[in-house]
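Let me begin by presenting the structure, written as structure tokens, before commenting on it.
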Amino acid sequence: MSSQSPVNLADRYAYIQAELARLEHAYYVLDNPLLPDIEYDRLYRELVEIEASHPEWVTPESLSQRVGGAALKEFDSVIHEVPMLSLNNAFEDLDLIAFDRRCREALHIEKVTYAGELKFDGLAISLRYEDGSLVRAATRGDGASGEDVTANIKTIRAIPLKLIGKNIPKVLEVRGEVFMYLHDFQRMNQQAAALGEKEFANPRNAAAGSLRQLDSKITAKRPLSFFAYGLGALEPQSWLPKTHEELLNAYVEMGLPVCTERRVLHSVAEILAFYNEIGAKRDSLPYDIDGVVYKVNSFSEQTKLGFVSRAPRFALAHKYPAQEALTTVLGIDVQVGRTGAITPVARLAPVEVGGVTVTNATLHNEDEVRRKDVRVGDTVSVRRAGDVIPEVVSVIKDRRPTNTAEFVMPTNCPVCDSHIERLADESVARCSGGLFCGAQRKQALLHFAHRRALDIEGLGEKIVDQLVDQNLVRTPADLYRLGFTALANLDRMGDKSADNLIAAINQSRNTTLARFIFALGIRHVGETTAKDLANHYQSVHALMDANLEDLLTVKDVGPVVADSIISFMQEAHNREVIEQLLASGMQLAVEEKMISAAIAGKTFVLTGTFPTMTRDEAKDLLEKAGAKVAGSVSKKTDYVVAGADAGSKLTKAEELGVPVIDEAAMLNLLK
Ligand code: IVH
């Protein structure tokens, strides 16, 4: 570089700045990396070298400024030219209908169009751009004035230091939310834990705490992100687009990050559909939201509607139920799973979380309990998201009573008293009792009877508990020897139910080899692997005698799965149970694949309620024809089969342009 003339070096410097800005925009805003990180690093090092030899070239917008600067003593105060307001909240559909009516009446029009977007759970920030350069960033504060956090904001790579494009106003104050992606939050907390540092309770606190740092070098290490959703000061006013929607599109053009989950809504019905749709996928979004926001789309209409006290009349936040709540730990027990995995569980004082009463929350494993240091008597924050088991997020240490004790993992299984062992490289502790352990036996029987295994209707938890506790059933083979009297004598079991259960057990003898293999509950052998094994071996005995080499030739079977199958089959007890089951008259059909050319190798996703069959039945049909059935929609999905009340999967398919068909069309393909 030193051999080049200064003019060339200046050009090179400008080129690198532009190139780095382009790479950062692609990576952090468009989520579409253009080059491997190593190329970025190379250019970045060159930038730093040039700046070292020409400190006079460094401007506040240089991308080298993203690493943070000298620590501050305190933040300067910033007066907001346009106040930063808050939003009125709605919790019910009725609030929303009233909001729409008020807007229509005040504007004297029949129909109002709204911009629907997400309500991000972070903190509001104002970014002031002058002639396209970021000159100041401020927190909301009390709405009238906030704190100058420019140095911190500049470390956020999703926020452009320079706007791109031609049509840039002289002054543009972009407003939006600083937040943290869930995966970034988790990674950051794991690192903090590893270093013995303080962990944050949730992504919002983590974002707020990171932005409040007086030392911007610390903020630079925190994975913050940003979405733009509003406007403050603007010069000239003539630049203003007609609608909120167009403003956000203009932001995208200028290189600002704007969330893609937004939509123009034309009626209350569309508003509610948007709310429900986002609600359905809330748990799978990569960041926390606490609601959606509707804003009257037209700026002239917004101006007419104006403000009441501190909130605009033209916007409304429609909240979802909270997913976190505080409660106290009454006790910590351990549970034994099907494979003997020991899971510590917190017994909680009942608390409502997101509309459901929660009394237990998983603590995952021993290391997690230690890391969070959960103790009996503690006040904890409990989180429930979607169908996921509620979990203890964190302990409110300030509220810890005196005389609490650290959690100690029991050394023996609470059910069968066998030793609890934990392999050095595993996070999970296991009961060593195997099928001697009543808990494992119960789980094994429930798995055996599962709808997608041998499908024994009526053999639920309550019945299995009694059968095992009364020693009527020890292995699945015992099920086929149960008599009417034994069953009819069980609690909650009438003669009719006993008859039905016996019929269901008898019927389950007619099954497929794949279901039978799955039903055995071999560790790591799920439904798909069971099917592959059935196809490959065609008989139970062939599988029982399979060797490692041969197992490894089966599709998707690796060393871990193969090992697990071999050790299962080496266990004399397991072989005995299999022989007994076969002797009790099992008919194991080897399914013949009716490969259909239109379908083989294609990936389907099923959603909604179908007119003539269940989704499980449809799945079986498709798989028999050689198709794959996946749980979520991606670019690789070939068809989405949608029935009534299809939700977010349908939306996703439409977004990605994946063909959507109904049950009839699917059956046609199968012909
Ligand atoms: S607009 C004049 N839009 O909610 C309207 N706010 O209660 C001002 N927020 O402080 C806000 N997502 O931190 C708006 N899409 C969104 C938002 C949003 C989150 C937060 C923001 C603000 C608070 C208002």
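All ligand and atom numbering here is 1-based and tracks the order in the structure.
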| message | Just by distance, no angles: are the side chains of Arg399 and Thr379 close enough, under 3.5 Å, to form a donor-acceptor pair? | response | no
| For Arg157, which residues count as a salt bridge (charged side-chain N to carboxylate O under 4.0 Å, His left out) partner, sequence neighbours excluded? | Glu24
| query | Excluding sequence neighbours, so at least two apart, what forms salt bridge (charged side-chain N to carboxylate O under 4.0 Å, His left out) with Arg104? | reply | Asp100
| Residues in the immediate environment of ligand 1 (any heavy atom closer than 4.0 angstrom) | Leu85, Ser86, Leu87, Glu117, Leu118, Lys119, Phe120, Ala124, Arg140, Glu177, Tyr229, Val293, Lys295, Pro312
| field | Distance in Å, Asn297 CG paired with Leu265 CG, rounded so as to fall on 0.5 Å steps | value | 9.0 Å
| remark: By ring-ring contact (aromatic ring centres under 6.0 Å, His included), Tyr320 pairs with (sequence neighbours left out) Tyr275
| remark: side chain to side chain donor-acceptor pair (under 3.5 Å) with Glu391: of His364, Arg384, Arg383, only one passes, and it is His364
